Amino acid sequence: MPIRRYLCDPHVRSPNQQRVSNIERILDQLNPEQRQAVTTTEGPVLVIAGAGSGKTRVLTARVAYLIASGIPPERIVAMTFTNKAADELRHRIATLCDAWSARRVWAGTFHSIFARLLRRNAEHLGFSPNFTIYDEDDSLALIRRLLKEQNIDSKELPPQAVRATISRAKNDLVVPEEYAQRAGTPRERHIATIYHLYQRALRRADAMDFDDLLVNMIDLLASSDELLQLYQDLFHYIHVDEYQDTNSAQYEVLKLLAGGHRNLFAVGDDAQSIYSWRGARIENIFDFQRDFPEHVLIRLEQNYRSTQVILDAANALIGNNQQQIPKKLWTARSGGEPIRVASFWDELDEASGIVRYAEELRARGSVAAWSEIAVLYRINAQSQAIEDEFRRAQIPYRIIGGISFYKRKEIKDALAYMRLLLNPNDDEAFLRIVNEPPRGIGQATLEHLQRWAREHHQSLLAAVQQARSIGAIAKQKQLVLEQLGALVARTTALLGTLPLGELVHQYLDTVGLLGYYRSQSTEEALDRFENIARLIADITQYAAQAAESNTDASLAEYMQHVSLLTSVDEAATGDAVQLMTLHAAKGLEFPVVIIAGLNEGLLPLVRATTTERDNAEERRLFYVGITRARERLLLTYARNRSRFGLMEGSLPSRFLGELPQELLDADRPDELRRTSSRGLLAGLPHAEQRMQHRSTGNGFRPGQRVLHPAFGSGTVERVEGRGADAKVRVRFDVVGTKLLLVRYAPLELME
DNA sequence: ACACACGGAATTTTT
DNA sequence: TTCCGTGTGT
Ligand SMILES: Nc1ncnc2c1ncn2[C@@H]1O[C@H](COP(=O)(O)OP(=O)(O)OP(=O)(O)O)[C@@H](O)[C@H]1O
């Protein structure tokens with residue numbers, strides 16, 4: 001069936017003065033290659049280009065160009081990596097075109113755009129429009145419950161591992177049946193069972209997890225020709241930013257949506273692919289070329305962001321990766337400050353060194369604002385020391401990502417109460433709040449309740465509303481439960497009749513959550529109380545804003561917004577140094593970038609399961625970090641780092657040795673030299689080299705002598721399981737036998 | 001049902 | 001060091 005093509009050639013339309021000048025304005029800011037990418041509006045276009053070459057700028061300009069050419073904004077989709085990036089895109093569109101268009105463009109993460117579409121069409125898939133989006137905690141709690149029901153010991157099969165496996169299966173488009181068929185080991189068969197039950201439970205709870213938002217979107221489009229046609233036609237121009245980090249499920253949807261018109265525009269850089277652990281496939285770049293053979297491939301080669309020095313360092317580093325798409329990248333900004341490589345005694349010293357560096361830049365006037373400085377690190381835990389130092393120096397700083405406000409316990413409890421108003425089948429939410437504040441409902445009562453609910457095919461909330469008929473539960477508790485149920489029902493009926501903030505306030509008050517925290521005098525309780533107050537204020541503000549812009553001010557809308565927030569989305573306030581992980585820095589740029597913790601084992605992060613492929617990804621991660629910098633780069637490492645509260649010697653990262661030494665201004669240049677040319681083991685101390693052998697195949701065998709930093713030496717007695725979840729029973733010479741998870745335990749093989 | 005102490009094990013990255 | 005999860009006592 002041919003798809004109706006949308007008329008969009010600007011030359012065919014009546015030349016409107018305003019429009020033409022807009023188009024000129026948009027194209028003026030681009031170089032010829034960029035312009036080609038923007039004006040090639042029909043058919044598939046793939047832009048593969050290095051860091052800072054203007055990929056995001058091109059994508060934005062293209063959306064603006066289409067709008068200026070008369071394409072209705074609601075027919076344009078732009079998939080971004082974060083909501084914040086989507087907001088920025090909208091903002092740019094508002095300037096380049098107009099605010100009305102900016103609001104109507106479909107800009108957002110895959111997850112948030114799909115969530116919208118799924119709500120509109122929920123019935124097609126047997127969900128209600130108010131379905132709940134389960135976050136990781138909800139999934140995990142559910143999986144724990146299922147494991148218990150199946151009498152599977154959570155030590156044998158860690159819930160987290162099950163969750164990760166299921167998530168990965170979904171992103172790879174492996175459905176439960178298929179997973180079950182492929183399951184070979186007992187462990188896999190257990191996971192297959194849980195996977196199946198998990199999906200059934202989600203359905204019953206009228207809930208989807210993050211991954212379902214992708215999978216169900218595919219199901220939706222695949223299940224109905226009519227819907228597929230509708231959306232193929234509506235979304236006439238599809239854009240994808242950070243294409244190198246899309247996964248199979250996302251690509252599948254793109255193929256479906258672009259199947260008719262084939263107007264798919266993707267920008268990416270294979271050298272910046274850093275989410276393979278989440279199912280991202282660099283191969284999607286090649287699949288694009290295979291599946292859209294008529295595509296136009298565009299390369300951008302000028303970097304507008306960084307100095308020559310920074311770019312040279314980045315290029316040299318990434319050259320150490322074997323497999324990559326060759327790219328040229330040059331900059332007109334010749335020269336530049338050398339890259340400082342600072343060495344410190346330990347991480348505290350390192351943190352204060354970082355703060356001193358920031359202070360100096362500011363004092364010298366090299367930066368005009370704190371926000372021009374970013375501190376990047378590999379893992380969130382590293383932020384602590386740095387944070388403390390900034391606080392001590394009274395320099396404003398802001399942590400991007402980390403533990404989000406919305407992940408705090410009291411906030412999640414409050415949100416769970418709210419979830420029940422929208423979705424009475426949300427058992428996970430119910431279990432979260434049933435005894436929060438404490439109502440004297442314990443395990444025994446809950447088991448009775450759950451049994452009754454299961455036997456009567458009712459949700460827990462529904463069960464509670466008829467608690468009096470559950471004989472197994474003590475009279476007094478029946479009453480408590482029934483009250484709770486009635487309260488939820490009553491509030492649900494009030495939805496839409498009261499201003500949202502007021503309703504939530506009242507609800508959380510009557511339900512006893514506010515009073516619970518208010519009545520305790522501990523600092524922690526006070527904190528929690530204030531956080532909930534902040535949440536209510538946030539809701540009130542959200543509702544007001546929504547009312548102002550004439551969009552839906554409903555609770556459902558707010559909950560959706562909150563569920564799909566990404567860690568970097570929280571709004572910036574004031575002038576502050578930015579602290580974040582290297583992952584969170586993707587797509588950003590700063591005049592000054594400080595990368596902390598350039599230590600072997602930390603960047604690259606080495607774990608028991610580390611492979612050479614992981615290592616290449618660590619290198620890309622460092623590449624992303626370096627290329628965020630415009631003017632100045634400071635790289636730091638510590639010669640000692642504490643692990644488990646124990647100080648240990650630590651070596652500078654092998655990656656430092658991969659940077660051209662003439663670009664560096666290093667405290668201890670001799671330390672950075674490459675010990676041997678290449679390979680996973682290069683530059684590792686002896687103990688760590690031995691440790692590596694384990695992951696490269698020389699596994700544990702009974703009788704093998706091993707060394708553990710805390711338990712000392714011992715002998716392997718037994719090996720259970722294989723791969724990531726293998727366990728070893730070790731009889732230590734001093735402390736006796738222990739069962740250790742190979743993946744985590746810092747065990748070394750001894751000769 | 002719940003508060004508390006104890007012991008044991010361990011540190012990724014996040015839509 | 002700090003987080004869990006389990007077990008104990010009220
Ligand atoms: N033609 C141009 N003229 C002037 N500045 C440009 C041009 N193209 C891009 N820039 C600037 O270069 C910087 C990098 O652009 P952008 O973020 O779009 O690159 P990118 O390829 O998406 O980067 P990355 O992949 O590293 O995130 C931005 O500050 C942008 O404004």
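Just so it is clear, the model here is predicted, and its values are computed rather than measured. Just so we're on the same page: letters track the sequence lines, and every chain starts at 1.
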Minimum-distance nucleotide (side-chain atoms of [X] versus [options]):
| X | options | value |
| --- | --- | --- |
| N435(A) | dT13(B), dT14(B), dC2(B) | dC2(B) |
| R144(A) | dC2(B), dT15(B), dG5(C) | dG5(C) |
| A444(A) | dT15(B), dT12(B), dA1(B) | dA1(B) |
| K477(A) | dA1(B), dC2(B), dT14(B) | dA1(B) |
| T445(A) | dA1(B), dT15(B), dT14(B) | dA1(B) |
| R378(A) | dT15(B), dT12(B), dA1(B) | dT12(B) |

For this session: State whether N380(A) places a side-chain N or O below 4.0 Å from either non-bridging phosphate oxygen (OP1 or OP2) of dT12(B).
Result: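 Answer no for this pair, as no side-chain N or O of N380(A) is under 4.0 Å from OP1 or OP2.
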
For this session: Please determine if a side-chain N or O atom of T82(A) lies less than 4.0 Å away from the OP1 or OP2 oxygen of dT15(B).
Result: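 Looking at the OP1 and OP2 atoms of dT15(B), neither is under 4.0 Å from any side-chain N or O of T82(A).
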
Nearest-Å distance for atom pair [atom1]/[atom2], residues [X] and [N]:
| X | N | atom1 | atom2 | value |
| --- | --- | --- | --- | --- |
| K148(A) | dG5(C) | NZ | C1' | 11 Å |
| K586(A) | dT15(B) | NZ | C1' | 11 Å |
| E136(A) | dT12(B) | CD | P | 13 Å |

Problem set entry | Short side-chain to backbone donor-acceptor contact, H448(A) and I470(A), under 3.5 Å |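 Flag not set: sc H448(A) to bb I470(A) has no pair under 3.5 Å.
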
For this session: Using atom types as modelled and distance alone, determine if a side-chain donor or acceptor of Y243(A) lies under 3.5 Å from a backbone N or O of N284(A).
Result: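 Pair found, side chain donor or acceptor close to backbone of N284(A).
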
For this session: Give a yes or no on this: more than 12 heavy atoms of other residues, nucleotides or ligands lie within 6.0 Å of atom CZ of R116(A).
Result: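 Result for CZ/R116(A): open.
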
